[in-house]
Amino acid sequence: MTKLIRGKIIPNAPLSKLNTWRVGGHAKLLFKPADIEDLVLFMQQLNSVDKLIWLGLGSNVLIADTGIESTVIVPKTGLNRIDLQGENIIRVEAGVTCAKAAKFCVKHDLLQGEFFAGIPGTIGGALHMNAGAFGGETWDYVVAVETIDRQGNIRKRSADEYQTTYRSVTGPGITEGEPEWFVAGYFKLPSGDGQITADKIKALLKKRGETQPIGLPSCGSVFINPEGDFSARLIEVCGLKGFTIGGAQVSEKHA
């Protein structure tokens, strides 16, 4: 008996509410898997010529008003499990928000996970681009990942199979071989008093709220810092802080 896909399949789906800019057209097809098993079924039945795009919280993403002639997979509602996997190791699925991962670290007395609270995205996106905040980077703590290919095959790969630099990850399925996408990551963090992490998160988010336009449609801190300098400083010295074109503005709070 053939198993049925349990997730939501939505043709001509609007994307403007699925990204932090709050702009963009429609996707040819949108899929929200119920869980990883459901995602496997979907990938097995997918047309081999369909282009795939994965969309987490939609931060660091600008979607054209003309839309996307592709199948867009949104894992945040179904790939949302996070649990302990032995001593000091947590397994986090790709749809889990980075903020939720930070809270999990607090609850289980794991240290150094506070940087996750400053990443406005999901673990899948953080793994793909080695996202970071508050001085921490995602791949500093990765020991393994799970990936899925177009045929729905799940693989567990060691962190040693990938090469990471500032906001960049290369390796199997990304720059080598057939495409693969992250569906989970395994992170190892030191143990200690979780309240220490909680206090750091509170202080860091307070500072962020004071210095960034939280709550407004925004691309966030989208520019890569050049070596030895900061994008925000360069934009500001060019006189572009607060610069406006139509309904778009460089933040007066943070360039």
Under 4.0 Å between a side-chain nitrogen and a carboxylate oxygen: does that hold for [X] and [Y]?
| X | Y | result |
| --- | --- | --- |
| Arg157 | Glu180 | yes |
| Glu87 | Lys188 | no |
| Glu236 | Lys241 | yes |
| Lys253 | Glu210 | no |
| Arg81 | Asp35 | no |
| Arg91 | Glu93 | yes |

Between Ser218, Pro217, Ser16, which is the residue that forms a side chain to side chain contact (heavy atoms under 4.5 Å, CB included) with Arg22?
Pro217
For a side chain to side chain contact (heavy atoms under 4.5 Å, CB included) with Leu18, tell me which candidate from Leu57, Leu30, Ile63 qualifies.
Leu30
Between Tyr186 and Tyr141, ring centroids under 6.0 Å:
no
What do you reckon, are the aromatic ring centroids of Phe223 and Phe230 less than 6.0 Å apart?
no
Without swapping roles, check the side chain of Ser70 against the backbone of Val72 for a donor-acceptor pair under 3.5 Å.
no
Residue pair Ile119 / Thr97, side-chain heavy-atom distance below 4.5 Å
no
Could you check whether any side-chain heavy atom of Asn225 comes within less than 4.5 Å of a side-chain heavy atom of Tyr166, counting everything from C-beta outward?
yes
Do the rings of Phe31 and Phe42 sit parallel, tilted or perpendicular, given the 30° and 60° boundaries?
parallel
Heavy-atom closest pair, residues Pro33 and Ile73
CD-CG2, 4.2 Å
